[in-house]
Amino acid sequence: MEPRRTAVLISGTGTNLQALIDAAREPSYPARIVLVISNREAAGGLERAARAGIATRVIPSRGFTSREAFDAALDETLREAAAELVCLAGFMRVLGRDFVERWRDRMLNIHPSLLPAFRGLETHARVLEAGLPVTGCTVHFVRPEIDEGPVIVQGMAPVLPGDTVETLNARVLEIEHRCYPRALALVAGDRARVIDERVVVAGERPFERLILHPSLREACR
Ligand code: GRF
């Protein structure tokens, strides 16, 4: 099977994009990153894409009068690139219902919490505020409601005494960078399907959809 043509949408640093680029270098990986689109010209991830020889496009949010006009430009750009799958990786713009429905079960997002807990922004601050011992990240299919949709892969990380938003963010990012390539591989390899709004993985092996931070693996021994 030809690797699935995948576009990555970013707004910022692009460390998740980097994880996907690195994974897709493996010849047997079932997806190829063919285009990186940013809604911000200054997004650091654009540099990462250029370094990897991947085509980039900037579609500035502010250049459009309506959400529909922005979404239409995005859709056209994706079609021009013959993208089959879309990965949102720190893309900080809400997409309209029509656009999301057009890419139903072909568009993934990563969120830095164990969904459905802590939808929205400032997740790490809220996890610390709640005094929880564990948090994580989720890769899911995108639905029109923000941070909703069938879960493909989740990663877990401990919250440690003395953690700050910065230390927790760094720990969660470590597992994000393992979860996103795993989730995209399941989708691009045609192994993850949505049945009754739940993800079912063909021939699923234990822990294929769950990734533990290395410190948790130690603790579980
Ligand atoms: C990540 O924490 C991701 O979960 C969230 O935005 C952040 C993007 O980081 N959606 P990066 O740009 O991939 O480094």
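Whatever order the structure lists them in is the order used to number ligands and atoms, beginning at 1. Along the sequence shown, residues carry numbers from 1. Source: prediction; values computed, not measured.
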With heavy-atom distances below 4.5 Å as the criterion, would you say the side chains of Pro30 and Arg4 are in contact? no
May I have every N or O pair linking ligand 1 to the protein at under 3.5 Å, one per line with atom names and distance?
unit_1: ligand 1; atom_1: 2 (O); unit_2: Glu176; atom_2: OE1; d: 3.3
unit_1: ligand 1; atom_1: 2 (O); unit_2: Glu176; atom_2: OE2; d: 3.1
unit_1: ligand 1; atom_1: 4 (O); unit_2: Glu176; atom_2: OE1; d: 2.8
unit_1: ligand 1; atom_1: 4 (O); unit_2: Glu176; atom_2: OE2; d: 3.3
unit_1: ligand 1; atom_1: 10 (N); unit_2: Ile110; atom_2: O; d: 3.0
unit_1: ligand 1; atom_1: 12 (O); unit_2: Gly14; atom_2: N; d: 2.8
unit_1: ligand 1; atom_1: 13 (O); unit_2: Thr15; atom_2: N; d: 3.3
unit_1: ligand 1; atom_1: 13 (O); unit_2: Asn16; atom_2: N; d: 2.8
unit_1: ligand 1; atom_1: 13 (O); unit_2: Asn16; atom_2: ND2; d: 3.0
unit_1: ligand 1; atom_1: 14 (O); unit_2: Thr15; atom_2: N; d: 2.9
unit_1: ligand 1; atom_1: 14 (O); unit_2: Thr15; atom_2: OG1; d: 2.5

Phe141 six-ring centre to Arg104 NZ/CZ under 6.0 Å and within 45° of normal: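 Arg104 over Phe141 ring: no.
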Do you know which of Val194, Ile152, Val201 makes side-chain contact (heavy atoms from CB on, under 4.5 Å) with Val187?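 Of all the options given, the one that passes is Ile152.
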Under the 4.5 Å side-chain heavy-atom rule for ILVMFWY, direct or indirect, which residues accompany Leu115?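 Cluster partners of Leu115: none, it stands alone.
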Would you list the pairs meeting side chain to side chain donor-acceptor pair (under 3.5 Å) in which at least one residue belongs to residues 5-14, sequence neighbours left out? Ser11-Asn39
Sequence neighbours excluded, every pair satisfying side chain to side chain donor-acceptor pair (under 3.5 Å) that has a member inside residues 43-57: Gln18-Arg48
